[in-house]
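All heavy atoms count here, side chains included; hydrogens, waters and symmetry mates do not. Keep in mind it's a predicted model, so treat the numbers as computed, not measured. In listed order, ligands and their atoms are each counted from 1.
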Amino acid sequence: MINAIARKILVTIRPVSSLQARTPVVYPPAPLYSGSVSNLTAILERAAGDGLVVALTGAGISAESGIPTFRGEEGYWTVDSKVYRPQEMATNTAYRRMPEDVWQWYLYRRAVCREAAPNLAHAALVELDQLLGERFRLITQNVDGLHLRAGSPMERTYQIHGNIDYMRCGNDCTNELWPLPSDLQVPEDHLAAKEYRLSEADLALLRCPECGARSRPHVLWFDESYDEPLFRFESSLEAAAHAVVVIIVGTSAATTLPNHVVNLAARAGAGIIDINIDTNPFAEIADQLPTGIALRGAAGEHVPSVVKQLSEIVAG
Ligand code: OAD
């Protein structure tokens, strides 16, 4: 089954209903539900046994840290679209055409991320990782690096859209990732970073340490595909297929792999918990499922309380 999905899947903005991916996906038969268990405790009790607990996060988990979301009122795709369309800037095509502008823009976004600090929701997911260890996976769409800075371990954190603190070869001579050079002169203050123009010295640092070609931000662009080495594509699907509970936090379900993750897990009978200040396609799925629940409210409020409740259940 996973191999059936392992064909290259483009990142798409969700033009079709979230349940029908562009690429045919083979889902397991729908599980037979024995009566409604859709209260939070009953769903969390599924996690008390064995099986995987998966958290799937989006920009909403970092909103309370002061990082704009993408499609919210002040979102990156909403505000800056007066200047450029996201499909334009966040693409390999744009990088080929205007690499310095693209670097400029990502280094400005990075300054925004570096000014932010992980919040209670990030911290609660670190606690959950410590509680469950190998029985936990964190799949994040966020490139802001806040989960790692909160203490989530790299090996169990699948950054499926990359990480803005890393660069790699612009010519793909290797899949190696390098932290951004610390000698870059981009101001830490994001407003100053937005106005700052990269110097020749900066551009000389943004080179592939292997082959010397221009480097690129380690983020997944709209005209690119998920894969395993760089974006943990198959690992994410594998985790979804073995999940007993999926905790979704702060995403509008706009991209492909998260849709596969939630649909695969739901089809495999997992309990689905959606935490979001607003409705979204995953909240609708959770509402429809007898083993699902949509908690409407802020991540900083709901994630710590869900984790506390889960910890009490697991501690027995
Ligand atoms: P979006 O901006 O599309 O959605 C953010 C979601 O978070 C919305 O559903 C909000 O209602 C919710 N939200 C906002 N504040 C919240 C809070 N305090 N607590 C809980 N929920 C809150 O961002 P994503 O869904 O993450 O991909 O976007 C997915 C991907 O699309 C991104 O990773 C990026 C973007 O294009 C790429 O660039 C490949």
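With atom 8 (C) of ligand 1 as the reference point, the heavy atom nearest to it among D278, N276, T69 is part of N276. For atom 35 (C) of ligand 1, the nearest non-hydrogen atom from the set Q159, Q141, R71 belongs to R71. With distances taken over non-hydrogen atoms, the option nearest atom 3 (O) of ligand 1 out of P68, S252, S65 is S252.
Between R156 atom CZ and L52 atom CG the span is 10.5 Å, to the nearest 0.5 Å.
The neighbour count for D50 CG, taken as heavy atoms of other residues, nucleotides or ligands under 6.0 Å away, does not exceed 12. Within a 6.0 Å radius of CD in E188, other residues, nucleotides and ligands contribute 12 heavy atoms or fewer.
Close approach of ligand 1 to T251 is summarised as follows: ligand atoms under 4.0 Å from at least one heavy atom of the residue are 6 (C), 7 (O), 9 (O), 24 (P), 25 (O). Remark: ligand 1 atoms within the under-4.0 Å shell around heavy atoms of F222 are 36 (O). Short contacts between ligand 1 and G250, defined as distances under 4.0 Å to a heavy atom of the residue, involve ligand atoms 5 (C), 6 (C), 7 (O), 21 (N). The distance from ligand 1 to the heavy atoms of L220 drops below 4.0 Å at these ligand atoms: 39 (C). Near G58, meaning under 4.0 Å from one of its heavy atoms, ligand 1 places the atoms 26 (O). Annotation for ligand 1: atoms under 4.0 Å from non-hydrogen atoms of A63 are 15 (N). Counting the atoms of ligand 1 from 1 in the order shown, those under 4.0 Å from a heavy atom of A298 are 19 (N). Of all atoms in ligand 1, numbered sequentially from 1 with element shown, those under 4.0 Å from a heavy atom of T255 are 30 (C), 31 (O).
Contacts with ligand 1 closer than 4.0 Å are made by no heavy atom of W221, backbone or side chain. Residue contacts with ligand 1 for A299 involve both N, CA, C or O and side-chain atoms from C-beta outward (heavy atoms, distance under 4.0 Å). At a heavy-atom distance under 4.0 Å, no atom of N280 approaches ligand 1. By the criterion of a heavy-atom distance under 4.0 Å, the side chain of H161, and not its backbone, is placed next to ligand 1. When heavy-atom distances to ligand 1 are checked against a 4.0 Å cut-off, E64 comes that close only through its side chain, counted from C-beta outward.
Side-chain polar atoms of N92 and R96 form a donor-acceptor pair below 3.5 angstrom.
Residue A59 has at least one nitrogen or oxygen atom sitting less than 3.5 Å from a nitrogen or oxygen atom of ligand 1, judged on distance alone. Annotation: F70 places an N or O atom under 3.5 Å from an N or O atom of ligand 1; distance criterion only.
Here Y166 pairs with nothing under the side chain to side chain donor-acceptor pair (under 3.5 Å) rule; sequence neighbours left out.
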With side chain to side chain donor-acceptor pair (under 3.5 Å) as the test, would you mind laying out the steps for D189 and Y196 before giving the verdict? CA-CA 10 Å; D189 170 77; Y196 175 79; over 6 Å; no
Assess whether salt bridge (charged side-chain N to carboxylate O under 4.0 Å, His left out) is satisfied between R137 and E134, documenting all intermediate values. CA-CA 8 Å; R137 294 294 183 281; E134 268 313 304; 3.0 Å; yes
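Classification of the W221-Y106 ring pair by plane angle, with boundaries at 30° and 60°, yields tilted.
Salt-bridge annotation for E224 and R216: present, with a side-chain N of the basic residue lying under 4.0 Å from a carboxylate O of the acidic one.
In this structure, the side chain of E228 engages the main chain of S235 through a donor-acceptor pair within 3.5 Å.
Side-chain contact between E100 and R197 is absent, with no heavy-atom pair separated by less than 4.5 Å.
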